[in-house]
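Worksheet: one structure, shown below.
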Amino acid sequence: MPIMRTKFTRRQRSEIERNARVKRERRQKVRLREELRALVVVLAVCGLGILVLERTRLGDMPLPWWAIIVPGGALFFLMGLRTLVRQLRAARWPATTCRIEFTDIEALSSRVGTFWQPVVSYVYQVEGKEYTSDVLRIIGPGLSYSDAAARVSRYVPGTTRRCYFNPANPKDAVLERRINFHRPILFMAIGVGVPLWVYLSP
């Protein structure tokens with residue numbers, strides 16, 4: 001759906017930019033807290049595992065190959081399957097009108113390199129109740145900075161677009177419903193292929 005063009009006065013645009021800046025900073029603080037919380041949980045689980053191995057005989061017992069490979073493969077398979085099913089369900093979600101609040105570009109660093117993720121925050125209403133989301137699509141590809149900037153430029157703060165919400169959970173919404181089969185199928189293939197390859201290896 002194309003952007004609904006709206007003419008803003010200088011004061012209105014200044015207000016939109018100020019609100020966008022405040023909400024962007026708020027989102028960054030929330031994200032930082034979530035990352036710290038996840039780090040604490042991972043460290044706690046690792047510490048608990050080390051403590052259990054030291055205090056019990058489990059640390060002296062040899063583990064069969066399947067005790068590590070099969071659970072890891074099952075995790076990969078379930079992650080891929082869940083994402084694929086979620087995308088297929090989102091393709092049937094009903095549409096509603098949303099208002100773009102702010103846009104941003106976030107860096108995602110990995111061993112492969114740095115990718116850029118377009119962020120679009122928007123507000124919409126379902127049955128008279130207002131919700132906020134910043135999910136562009138369920139699976140977004142890793143983009144270069146220029147590609148992410150081009151994607152973000154399609155969404156102008158203060159304008160309205162069409163978004164799609166989960167009727168079973170209206171907090172769950174997306175702006176784009178494109179289905180990406182590659183990543184979930186890759187995860188599912190790894191989940192099945194790696195344990196099978198280890199099992200068949202001489």
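In what follows, every heavy atom counts, from backbone to side chain, and hydrogens, waters and symmetry copies are set aside. Throughout, residue positions are numbered sequentially from 1 according to the sequence presented.
Through direct or relayed side-chain contacts under 4.5 Å between Ile, Leu, Val, Met, Phe, Trp and Tyr, Val42 connects to no other residue. The hydrophobic cluster containing Val45 also includes Val41, under a criterion of side-chain heavy atoms closer than 4.5 Å among ILVMFWY residues, counted directly or through chains of members.
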Using the rule given for side-chain contact (heavy atoms from CB on, under 4.5 Å), can you reason through Thr83 versus Arg183, listing the C-alpha separation, both sets of side-chain angles and the distance that settles it, and then say yes or no? CA-CA 9 Å; Thr83 305; Arg183 195 178 303 177; over 6 Å; no
Could you give me the CA-CA distance, side-chain angles and deciding distance for Ser121 and Thr103, then say whether side-chain contact (heavy atoms from CB on, under 4.5 Å) is met? CA-CA 6 Å; Ser121 178; Thr103 61; over 6 Å; no
Please report the C-alpha distance between Asp134 and Val120 in whole Å, then the side-chain angles of each, then the deciding distance to 0.1 Å, and finally whether the side-chain contact (heavy atoms from CB on, under 4.5 Å) criterion is met. CA-CA 5 Å; Asp134 58 8; Val120 182; over 6 Å; no
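Scored by the side chain to side chain donor-acceptor pair (under 3.5 Å) test, Ser133 finds Tyr122 as partners (sequence neighbours excluded). Tyr145 is linked by a ring pair (Phe, Tyr, Trp, His ring centres under 6.0 Å) to Trp116, counting only residues two or more places apart in sequence or in another chain. With sequence neighbours left out, Tyr124 forms a side chain to side chain donor-acceptor pair (under 3.5 Å) with no residue at all. Here Ala95 pairs with Arg162, Tyr164 under the side chain to side chain contact (heavy atoms under 4.5 Å, CB included) rule; sequence neighbours left out. Every residue was checked against the side chain to side chain contact (heavy atoms under 4.5 Å, CB included) condition with Leu78, not counting sequence neighbours, and none meets it. Under the rule for a side chain to side chain contact (heavy atoms under 4.5 Å, CB included), the partners of Glu130 that lie at least two apart in sequence or sit in another chain are Val123, Gln125. With sequence neighbours excluded, the residues that form a ring pair (Phe, Tyr, Trp, His ring centres under 6.0 Å) with Phe76 are Phe187.
Contact annotation: the side chain of Thr96 approaches that of Cys163 to within less than 4.5 Å [non-hydrogen atoms, C-beta and beyond]. Residues Ile179 and Leu88 are in side-chain contact: their nearest non-hydrogen atoms beyond the backbone lie under 4.5 Å apart.
Using a 4.5 Å cut-off between side-chain heavy atoms of Ile, Leu, Val, Met, Phe, Trp and Tyr, with links allowed through other members, Tyr131 and Leu136 fall into the same hydrophobic cluster. Linking Ile, Leu, Val, Met, Phe, Trp and Tyr whenever their side-chain heavy atoms come within less than 4.5 Å leaves Met188 and Met79 in two separate clusters. A continuous path of Ile, Leu, Val, Met, Phe, Trp and Tyr side chains, each step under 4.5 Å between heavy atoms, connects Ile69 with Leu186, placing both in one hydrophobic cluster. By the rule that hydrophobic residues join a cluster once side-chain heavy atoms approach within less than 4.5 Å of another member, Leu81 and Val70 end up as members of separate clusters.
Interatomic distance, Cys98 SG to Tyr155 OH, rounded to the nearest 0.5 Å: 8.5 Å. Here the straight-line distance linking atom CD1 of Ile190 with atom CZ of Phe77 works out to 13.0 Å at 0.5 Å rounding. Going from atom CG of Leu175 over to atom CD1 of Ile100 covers 5.0 Å, rounded to the nearest 0.5 Å. Atom CG of Asn180 is separated from atom CD1 of Ile185 by 9.0 Å, given to the nearest 0.5 angstrom.
Arg161 places a side-chain N or O within donor-acceptor distance of the main-chain N or O of Arg154, the cut-off being under 3.5 Å.
For Val135 against Ala173, the heavy-atom pair with the smallest separation is CB-O, 3.4 Å.
Annotation: salt bridge (charged side-chain N to carboxylate O under 4.0 Å, His left out) contacts involving residues 167-177, sequence neighbours excluded, comprise Arg86-Asp172, Arg151-Glu176.
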